[in-house]
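Since the structure comes first, as C-alpha cells, the remarks are kept for the end.
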Amino acid sequence: MDSPSEIPKHYDPKASRLKYYPHWEEKGYFKGDPNKPGESFSIVIPPPNVTGSLHMGHALNNTLQDILIRYRKMDGYNTVWIPGTDHASIAVHWVLERKFKEEGTSRFEMGREEFLKRAWEFKEEAETNILGQLRALGVACDWSRQRFTMDDGLTNAVREVFVRLYNEGLIYRAERLINWDTVAQTTLSDLEVVHEEGVLGELWSFAYPLADGTGEIIVATTRPETMLGDTAVAVHPEDERYKDLIGKQLKHPITGREFPIIADEILVDPQFGTGAVKVTPAHDPNDFEVGLRHKLPMINLLNKDGTFNENGGPFCGMVRDEVRQAVKTRITELGLDRGTKEHTMNIGRSERSGSIVEPMLSTQWFVKAKPLAAPSLAAVENGFTNFVPTNWENTYYSWLRDIRDWCISRQLWWGHQIPAWHCKDCQEITVCREDPSECAKCGSTNIEQDQDILDTWFSSALWPFSTMGWPEKTDELAKWYPTATLTTGFDIIFFWVARMMMFGQYFMGHVPFKDVYIHALIRDEHGEKMSKTKGNVVNPLDMIEKYGCDGFRFTLAAFAAQGRDVRWDESRAAGYNKFVNKIWQAFRFTMGNLDNTQVVPKVTPHGVYDRWIRHQMRLAIGDLREALENYRFNDAAAALYQFIWDEFCDWYLELSKPILYGKGTATEADKESVQATLIEIFNALARAMHPIMPFFSEELWQQLPETEGSIMNASFPKVEDFEEAPQAAAEMVFLKDVVGSIRRIRADYQVVPKQQIKALIRTDEKHLQWLRAHEQSLQTLARTSFEPLDGSAPEKVATQVVDGAEIFVELSDLIDLEDERERLKKDLEKVEKDLATLNKQLSNENFIQRAPQAVVEEKQQLLGLATEKKGHLEDALNRLA
RNA sequence: GGGCGAAUAGCUCAGUGGUAGAGCGCCGCCCUUACAAGGCGGAUGUCGGGGGUUCGACACCCUCUUCGCCCACCA
C-alpha cells in the first residue's frame with residue numbers, strides 16, 4: 001500500500017499545524033481533569049494583555065511553558081495549562097485614548113458608559129487576535145478553562161479579596177502623597193513610575209525674607225514652581241549658622257503667607273547646599289514626612305490635569321513649566337534670585353503616558369504591604385518557592401524587604417470598580433460583597449459607589465487561584481494549587497510575581513508556585529530592546545511563516561540558556577529549519593527502506609551498529625530528561641540536535657546502507673535488525689522531540705508503523721528503554737577514528753574520491769578483528785580496503801596514527817614527502833605538547849595523592865596512548881628522513 | 001548611593017574544577033539513489049587584565065577595566 005514515494009520530499013510545517021492543532025483541540029487532548037490520577041503538574045499562563053499582539057517575549061515564554069506541559073503530560077503527570085487574558089487597565093486606556101484623540105474626542109467627552117462599551121469591543125477584538133496567535137505557536141492550553149481578569153468569576157474573586165483585606169485592616173483609605181500622571185489623570189503605583197537617570201537640570205537658589213525684615217534665608221530647588229506650596233524652611237538643629245533663626249517666621253514673597261523656620265535633623269544634611277531646605281509637604285515625599293512631623297499645613301497646588309489651582313495665586317491656570325518660569329521671573333524682579341547651578345538629577349515619568357509624574361497629596365486606597373510581604377520573603381528563603389536561576393531571589397528579596405504600601409486606586413474606568421460605597425449623609429464608607437442599598441452605619445440610601453477602579457495588577461495577583469474557581473472550594477484548587485512553575489520575565493517580578501506570592505499565601509495558605517523560571521529577554525541583533533517605536537521588532541508570526549512553527553520553537557528553546565538576555569539571530573532559525581529538514585530526509589530514508597511501512601519487524605536488534613545507536617539513544621534521552629527537568633532548554637535542544645545529526649544521520653544511517661542493500665556479508669536477519677532499529681529510534685525520537693516540536697513529531701508519528709492515536713498521548717521515552725552497549729561503543733570509537741584517518745589522507749592528497757584505496761594497517765589482534773568485522777563499512781564510508789601489516793611500512797606512504805593502530809596508504813606518485821613530513825611534524829608537536837602536560841601532572845606527587853583515583857587512571861591511560869602515538873609518529877618521520 | 005549581570009573563534013553564543021565547544025561565516029574537495037536546505041576534510045582562541053584558592057581554574061574567591069540592567073525621596 002504505502003510506498004516511499006508517498007512521503008513528500010519536504011515537510012510542510014504549515015499544513016501540519018493547520019491539520020493537527022484543531023484536531024488536538026477537538027479531541028480534548030489539551031483538557032485537564034482534576035479527578036484523574038497522576039501527580040499534579042499545573043501551569044497558569046501569564047495572561048497576555050488584551051492590547052497588542054504576540055511578540056518575541058510571548059513566543060519564548062509560551063513555547064517554554066508548552067515544552068514543560070507536553071513533557072510532563074507524556075511522562076504521566078496530571079497536567080493542566082490554564083490560559084487567559086488580562087484586562088490591562090491603564091494599557092488599554094492608553095491605546096484607546098490615543099485612538100480617540102485621532103477621532104477628535106476623548107474619554108472625558110464620551111463619558112464612562114460609552115467608554116466602557118468601546119473598551120469591551122476593543123477587548124473582544126484584541127483577545128481573539130492574540131489567542132489566535134498563541135494557537136499558531138501550538139500551545140497545549142486547556143481552552144475550556146480560558147479566563148479573563150474581568151469575567152464574572154474573577155470579578156467575584158477580586159471583590160472577595162478586597163472585602164476581606166478591608167475588614168482585616170490590610171486595605172485602607174487615606175490621604176497620602178501619591179504619584180500623579182497628569183496626562184492619564186490617575187494615580188500610579190511606585191512601580192509604574194520609571195526613573196530617567198542623569199537628566200541635566202538646574203539647581204536654583206533664592207532667598208526667603210524673614211517676616212520681621214531682619215534678614216533672609218537662602219534655599220535651593222530643582223522645582224521652583226513648588227515654592228508656591230512651601231509651608232516651612234527646615235534647617236539642621238545643630239547648625240550654628242541657623243540656630244538663632246529656628247522658630248522665626250518667613251514671609252512668602254509671592255503669596256504673602258507667613259511660615260516658620262523649623263529644625264529637622266532627618267530631612268536636612270547641613271553639608272548640602274546652603275543647609276536650608278524649602279519644605280513643600282503636598283508635593284514632595286520627604287517634605288510630606290516633615291509636614292507630618294511638624295504638623296505643617298499642606299497646600300495642594302495642582303488640578304487633576306496638571307494646571308495650577310487657586311493656591312497658585314497669580315499663576316492659577318498655568319501649567320508646570322509656565323509656572324516655573326513665572327516664579328523665577330517674579331523672584332528675580334523682587335531681587336531674591338541667588339543664582340543657578342547645573343545639576344544632574346533623575347526624573348520620574350509615567351510608564352504609560354511618559355509624562356513627568358507629579359508627587360501630590362491625595363486621598364486614595366492602599367494595601368498595607370509589610371504584613372503580606374513577610375511570609376513571602378520567608379517562603380523563598382525556606383525554599384517553598386525556588387527561583388531559576390537563583391540569582392533572581394536577590395531582586396525579589398530586596399524589593400520585599402523595603403516594600404511600601406501599595407496605592408491600588410486608579411482614576412480610570414476600564415477595570416474593577418472599587419466595592420466601596422460612600423454615604424453622602426454621614427460620610428461613612430460601606431465595603432461589602434453584595435452591592436448595598438443603604439449605608440451600613442446610618443441606613444441612608446443616599447449612597448454612591450466609589451468611582452475609582454483597582455490597579456490592574458490587583459486582579460493579576462489572584463490569577464493562580466482565581467482561575468481555579470476561588471473562593472469556592474473546587475476540585476481544581478485541591479488538585480492543581482499550588483502550580484508547578486511560573487514562567488515569566490524578570491521585568492514583572494515586582495509587579496506580578498511578588499504580589500501573587502503575597503496574595504496566594506494570604507488567601508490560600510500556600511505559595512502559588514513551586515518554581516519561578518525567569519526566562520531571557522530577547523533583544524534585537526544589536527542588543528537593543530525590541531520596541532515598536534524603535535521599529536526593531538521581530539514578529540514571531542513572520543518567523544513561524546518563514547521557518548515553520550517547529551523550527552522556530554526549536555530556535556527559541558536553543559536560545560533559552562539561563563542567562564539574562566539574548567540577541568535574536570535569524571541565522572540560527574534558518575539553521576534549525578534545516579535541522580527539521582534533515583530529520584525529515586532521514587525519515588524518508590527510513591520509511592523508504594522498510595519492506596512494509598505498516599509493520600515493525602519482530603526481531604531483537606543484534607548488529608553492532610544497532611546496539612551502538614541504541615546506546616547513544618539511551619545517553620541522549622538521559623541528557624534530554626535532565627535538561628528538561630532543570631529548565632535547561634538549550635541543553636535539551638542540543639542533546640536532540642547532536643544525537644540526530646552527528647550520530648544518527650552521519651554515522652548510523654550511513655552504516656546501515658550496505659546492510660539494507662544486502663552488500664557484503666549482510667544477511668536478511670541483519671537487514672531486519674536494522675529496520676527494527678531504525679523504526680524504534682524514530683519512534684522514540686518523535687516522542688523525545690515532541691515537547692519542542694509538536695507538529696513535526698505528530699507528523700512523523702502518524703506515518704510510523706504501529707503507532708496509535710496522537711503522539712500527545714504517547715509516553716516520553718525512558719532511559720531504560722534502551723540498553724547499554726559499552727563494547728559496541730568502544731568498537732565504534734575505533735571505527736570512526738580509522739574512517740576519519742583515511743578521509744583525512746584523501747583530503748590532504750586530493751585523492752580522487754571515487755578512487756579505491758588500500759590501507760596497510762599495523763595493529764594488534766583485537767583491533768584487527770574489529771577491522772575485519774567492519775570491512776564493508778570501511779569500503780562504504782572511506783572507499784578503502786585494508787591489509788594487516790606485520791613488518792615495516794613501505795617508503796612512499798601517507799601515515800595516520802590513531803589509538804590502537806597505524807594506518808599507511810601507498811599513494812606512489814601522489815605522495816609529496818615534504819608535505820608528509822610537515823604534516824607528521826605537526827601531529828608530533830601536538831602529541832608532544834599533550835605528553836608534556838600529562839607528564840608534568842603525573843610526576844606531581846600531590847596530584848597522585850589528592851586527585852580522585854579515576855582521574856589519575858584516566859591520565860595514565862592517556863599518557864600511555866600518547867606515548868605510543870608519539871613513537872609511531874617518530875618512526876614514520878625517521879623513515880622519511 | 002545600593003544590588004545584579006556580562007566580557008570565550010570573524011559574528012551570535014553554550015560551557016555543571018580534570019587537555020577549549022556549537023551554529024553561522026571562512027578555506028579545500030565532492031551533485032555518493034534520505035537530504036546541495038547536503039556530505040567529507042581543514043583553519044581560526046593570550047577564555048577582558050592582575051592577584052589568590054586548588055594537585056589542577058574558562059569555571060571558585062578578591063581586585064581592576066569596559067559594557068549593560070534593576071532599585072533608591074538627597075533639596
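These numbers come from the heavy atoms of this one structure, side chains and all, not from hydrogens, waters or symmetry mates. Per chain, numbering begins at 1; letters A, B, ... match sequence-line order.
For rG39(B), neither phosphate oxygen OP1 nor OP2 lies less than 4.0 angstrom from any side-chain nitrogen or oxygen of W651(A). Distances shorter than 4.0 Å separate none of the side-chain N or O atoms of Y749(A) from OP1 or OP2 on rG28(B). For rC73(B), the OP1/OP2 oxygens have a side-chain nitrogen or oxygen of R404(A) closer than 4.0 Å. Between rG39(B) and K582(A), a contact under 4.0 Å exists linking OP1 or OP2 to a side-chain N or O.
No engagement by F288(A) is indicated, since no non-hydrogen atom pair under 4.0 Å with the nucleic acid exists. Base engagement by E197(A) is indicated by at least one non-hydrogen atom pair under 4.0 Å involving a base atom. Residue contacts for D269(A): at a heavy-atom cut-off of 4.0 Å it reaches a base atom on one of the strands shown. Residue R223(A) is classed as having no contact, given no heavy-atom separation below 4.0 Å to the nucleic acid. Base contact: N581(A) has a heavy atom under 4.0 Å from a base atom. E289(A) comes within 4.0 angstrom of nothing in the nucleic acid, heavy atoms only. Contact annotation for D402(A): no contact, since no heavy-atom pair falls under 4.0 Å across all strands. Looking at heavy-atom distances under 4.0 Å, L862(A) makes contact with a base. Residue contacts for P359(A): at a heavy-atom cut-off of 4.0 Å it reaches no nucleic acid atom on any strand shown.
Taking every side-chain heavy atom of Q750(A) into account, rC29(B) is the closest of rG5(B), rA37(B), rC29(B). The nucleotide whose nearest atom lies closest to any side-chain atom of N391(A) is, among rC74(B), rC4(B), rG18(B), rC4(B). Across rA14(B), rA34(B), rG38(B), the shortest atom-to-atom separation from the side chain of K578(A) is found for rG38(B). When distances run from any side-chain atom of R743(A) to the nucleotides rG18(B), rG41(B), rA75(B), the shortest one goes to rG41(B). Of the candidate nucleotides rC4(B), rG18(B), rA34(B), rA34(B) has the atom nearest to the side chain of L653(A). When distances are taken from the side chain of R523(A) to each of rC70(B), rC69(B), rA14(B), the shortest belongs to rC69(B). The H195(A) side chain lies nearest to rC73(B) when the options are rC35(B), rC73(B), rG41(B). Side-chain proximity of R632(A) to the nucleotides rG15(B), rG41(B), rG18(B) is greatest for rG15(B). Minimum atom distance to the side chain of D635(A) is reached by rA14(B), of the listed rA37(B), rG41(B), rA14(B). Considering only the side chain of F847(A), rG18(B) comes nearest among rC35(B), rG18(B), rA75(B).
Distance noted for atom P between rU19(B) and rU8(B): 22 Å (whole Å). Separation of the P atoms belonging to rG42(B) and rG52(B) is 39 Å when rounded to the nearest angstrom. Comparing the P positions of rA6(B) and rC62(B) gives a spacing of 14 Å, expressed to the nearest Å. Taking atom P in both rG21(B) and rG45(B), the straight-line distance is 14 Å, to the nearest Å. Comparing rG50(B) with rU65(B), their P atoms sit 15 Å apart, to the nearest whole Å. Using atom P as the reference point in both rC61(B) and rG18(B), the two lie 16 Å apart (nearest Å). The gap from the P atom of rA59(B) to that of rU54(B) amounts to 16 Å, rounded to the nearest Å. For the P atom pair drawn from rC13(B) and rU53(B), the interatomic distance equals 35 Å after rounding to whole Å.
The shortest heavy-atom contact between A636(A) and L624(A) is O-CD1, 3.5 Å. Shown here for V831(A) and A866(A), the closest heavy-atom pair between the two residues is CG1-O, 3.4 Å. Of all heavy-atom pairs between L735(A) and L778(A), the closest is CD1-CD2, 4.1 Å.
For the atom pair D287(A) CG and D264(A) CG, the distance stands at 9.5 Å (nearest 0.5 Å). In this structure, the separation between CG on L838(A) and CD on Q861(A) is 11.5 Å, given to the nearest 0.5 Å.
Counting distance only, with no hydrogens placed and no angle test, the side-chain atoms of K657(A) and the base atoms of rA34(B) include a donor-acceptor pair under 3.5 Å. In this model, no side-chain donor or acceptor of Q585(A) finds a partner on the base of rA36(B) within 3.5 Å.
Taking the six-membered ring for Trp and thresholds of 30 and 60 degrees, F554(A) and Y641(A) have ring planes inclined between 30 and 60 degrees apart. The aromatic rings of F552(A) and W568(A) sit perpendicular, their planes meeting at an angle over 60°, well past the 30° parallel limit. The aromatic rings of Y576(A) and F579(A) stand perpendicular to each other, their planes meeting at an angle above 60°, with 30° marking the opposite boundary. Using the six-membered ring where Trp is involved, W584(A) and F696(A) have ring planes that are tilted, between 30° and 60° apart.
Cation-pi contact between R324(A) and W204(A): absent, since separation from the ring centre below 6.0 Å together with deviation from the ring axis within 45° is not met. F259(A) does not carry K278(A) over the face of its six-membered ring by the limits of under 6.0 Å from the centre and within 45° of the normal.
W645(A) places a side-chain heavy atom less than 4.5 Å from the side chain of D650(A). Between T231(A) and M298(A) the shortest side-chain heavy-atom distance does not fall below 4.5 Å.
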Map every base of RNA chain B to its dot-bracket character, where paired means a Watson-Crick or G-U wobble contact with both distances under 3.5 Å and | marks a partner outside the strand. (((((((..((((....[..)))).(((((.......))))).....(((((..]....))))))))))))....

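The side-chain ring of H10(A) is stacked on the base of rA37(B), judged by centre separation under 5.5 angstrom and plane angle under 30 degrees.
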Between protein and nucleotides 42-44 of chain B, what N or O pairs are separated by less than 3.5 Å?
from    : atom 1 : to      : atom 2 : distance (Å)
rG42(B) : OP1    : R744(A) : NE     : 2.9

For nucleotides 7-13 of chain B, give me every protein contact, N/O to N/O, under 3.5 Å, one pair per line with atom names.
from    : atom 1 : to      : atom 2 : distance (Å)
rU12(B) : OP1    : R567(A) : NH1    : 3.4
rC13(B) : OP1    : R567(A) : N      : 3.2
rC13(B) : OP1    : R567(A) : NE     : 3.2

ring-ring contact (aromatic ring centres under 6.0 Å, His included) between Y208(A) and F206(A), intermediate numbers included: CA-CA 7 Å; Y208(A) 270 128; F206(A) 67 96; 5.0 Å; yes

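Distance, E196(A) CD to rC69(B) P: 13 Å, rounded to whole Å. Taking atom CE of residue M345(A) and atom P of nucleotide rA72(B), one finds them 18 Å apart after rounding to whole Å. D190(A) has its CG atom 17 Å from the P atom of rC70(B), to the nearest Å.
For F648(A) and F682(A), the gap between ring centers is short of 6.0 Å.
A residue-by-residue look at N846(A) and T395(A) shows that N846(A) has its nearest nucleotide of RNA chain B further toward the 5' end.
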